[in-house]
2 protein chains.
Amino acid sequence: MTEKKENILSAALELFAQEGFKSTSTSKLAAQAGVSEGLIFRHFKSKEGLLKALMDLGEERLEYIFADIITESDPQEVINKALTALKTVAADPEQAHFWKLQYKLKWETETYDDSKVEPIKVALTNAFEKLGYSYPEKEAQLILILMDGMVTKLFLSQNFDINETVDILIEKYKE
Amino acid sequence: MTEKKENILSAALELFAQEGFKSTSTSKLAAQAGVSEGLIFRHFKSKEGLLKALMDLGEERLEYIFADIITESDPQEVINKALTALKTVAADPEQAHFWKLQYKLKWETETYDDSKVEPIKVALTNAFEKLGYSYPEKEAQLILILMDGMVTKLFLSQNFDINETVDILIEKYKE
DNA sequence: AATAAGTAAGTGAGTACTTACAAATAATAA
DNA sequence: TTATTATTTGTAAGTACTCACTTACTTATT
């Protein structure tokens, strides 16, 4: 991986997450990365190819975050970790960009790809079951809905305190 | 309002909500509406102007839905109605398109405009206060987060049963 | 000598928008 | 009513510009 190729990737992450995929032109991208426009196509073949490369990197990050939640054995901790993950993501600008890009693309292309969050849902369902909840799968679904809602507020609302909200939720789920 | 002007508006609602604002070209839009491309600019001056006209129509619908919630005096019913509103929207294809467009644009332009939902938040805060909750404003915020999450799942996830989810939530808030 | 990394200057297709003009409708005058 | 003017509604054919992508070529690395 050459330096210029890395520059393209990080410029793409920033611009796609900020302006959206369709709205980011390859010429603007090349300018931001400090390379010629042609180099983008040399390395990634097409604009879509660049996006794919970026998404593959994002998936690695996602799996890293998820691994910690899935391997947790204490059911209460599974819920805590799932919720706290959002705080971690929000605190790191680069991770935040990856998540923002994920959601922007969801809405731009209208593909949710439930399979990616499926392991988390399973882990949450098991956790709620161990804790004696009546409808563990519905409870897990509710957590995922809350996460989508918090991500929406996190990236689109100005006055949203994710840390406070997550803490309130953790407190609620302690009962 | 001539028939062709209405055709432009309904074609724009459908295409903007489906493909996004940026991705919908005025030529494609004119073809779908069955008019010449120039007529769009005669009536709405620009593509942005057309979007604005569409959003103004959407705001009327939104206020109509919100009015019923805000004027409700029974606190429990305020919560029920806020949640049930999503079922109503989901059931009517045209209303669903308006909401989908709202959220697509939120993510495309990154402006949330909290002011629009502010009246609902106030109504919910008052409701939770009357019901004796400790942190009524936080509870109201949580409902709004849930609504954002459900909208996300509603439009982007294939296997999401909004009616069931809303019913579960209403049941939860009965305690 | 061969391959990879890089660029400058294109290319055709599509973009939002304009212009010049025709047809329909409304307003006014006889 | 009818004739005439004015205004609105509509279109076809452009315009300048931007887009993703290509080509032909040079420079660096193996």
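So you know, we letter chains A, B, ... as the sequences are listed, proteins then strands, and number each from 1. Scope of the values below: all heavy atoms of this structure, side chains included, with no hydrogens, waters or symmetry mates.
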For A/Lys52, I'd like to know if atom NZ has over 12 heavy atoms of other residues, nucleotides or ligands within 6.0 Å. no

| query | Is the Lys NZ or Arg CZ of A/Lys22 less than 6.0 Å from the centre of B/Phe21's six-membered ring, within 45° of the axis? | reply | no

Expected string for nucleotides 8-13 of chain D under the B/S/- scheme (protein heavy atoms, under 4.0 Å, primed atoms plus P, OP1, OP2 as sugar-phosphate) is -BBB--

For A/Thr24, answer base if it contacts any base atom (sugar-phosphate contacts may also be present), sugar-phosphate if it contacts only those atoms, and nothing otherwise; contact means non-hydrogen atoms under 4.0 Å.
sugar-phosphate

Q | Side chain to side chain, A/Leu62 and A/Trp99, heavy atoms closer than 4.5 Å | A | yes

note: A/Lys28, atom NZ; D/dC21, atom P; distance rounded to Å ~ 16 Å

Residues pairing under ring-ring contact (aromatic ring centres under 6.0 Å, His included) where one sits in residues 115-161 of chain A, two or more places apart or in two chains, turn out to be A/Phe128-A/Tyr133, A/Phe128-A/Tyr173

Step through the shown structure and confirm whether more than 12 heavy atoms of other residues, nucleotides or ligands are within 6.0 Å of CG on B/Asp56. yes

Can you give me the N/O atom pairs linking the protein to nucleotides 28-30 of chain D at distances under 3.5 Å, or say none if there are none?
none

Margin query: Looking at B/Lys130, I'd like to know if its NZ atom is crowded, meaning that more than 12 non-hydrogen atoms belonging to other residues, nucleotides or ligands lie closer than 6.0 Å.
Written below: yes

Those residues at least two apart in sequence (or on a different chain) that pass side-chain hydrogen bond (donor to acceptor under 3.5 Å, both in side chains) with B/Asn126 are none

Here the pair of heavy atoms bringing A/Lys174 nearest to A/Gln76 is CA-NE2, 4.0 Å

To the nearest angstrom, the NZ-P distance between B/Lys47 and D/dT18 comes to 16 Å

Tell me, with the steps shown, if B/Lys100 and A/Glu110 meet salt bridge (Lys or Arg N to Asp or Glu O under 4.0 Å).
-> CA-CA 11 Å; B/Lys100 195 168 168 182; A/Glu110 281 188 42; 3.0 Å; yes

Exercise for review: Please determine, by modelled atom types, if A/Thr125 and A/Glu137 share a side-chain donor-acceptor pair under 3.5 angstrom.
Suggested key: no

Query raised in the report: Would you say A/Glu118 has more than 12 foreign heavy atoms packed within less than 6.0 Å of its CD?
Result: yes

We want to know whether B/Glu37 and B/Thr26 form a side-chain donor-acceptor pair, criterion being a heavy-atom distance below 3.5 angstrom.
yes

Contact check, residues 6-21 of chain A vs DNA chain C, heavy-atom distance under 4.0 Å, returns none

So the contacted stretch of DNA chain C, first to last nucleotide with an atom under 4.0 Å from a non-hydrogen atom of chain A, runs from C/dA5 to C/dT7

Between CG of A/Leu50 and C1' of D/dA20 the distance, given in whole Å, is 12 Å

- Determine whether more than 12 heavy atoms belonging to other residues, nucleotides or ligands lie under 6.0 Å from atom NZ of B/Lys87. yes

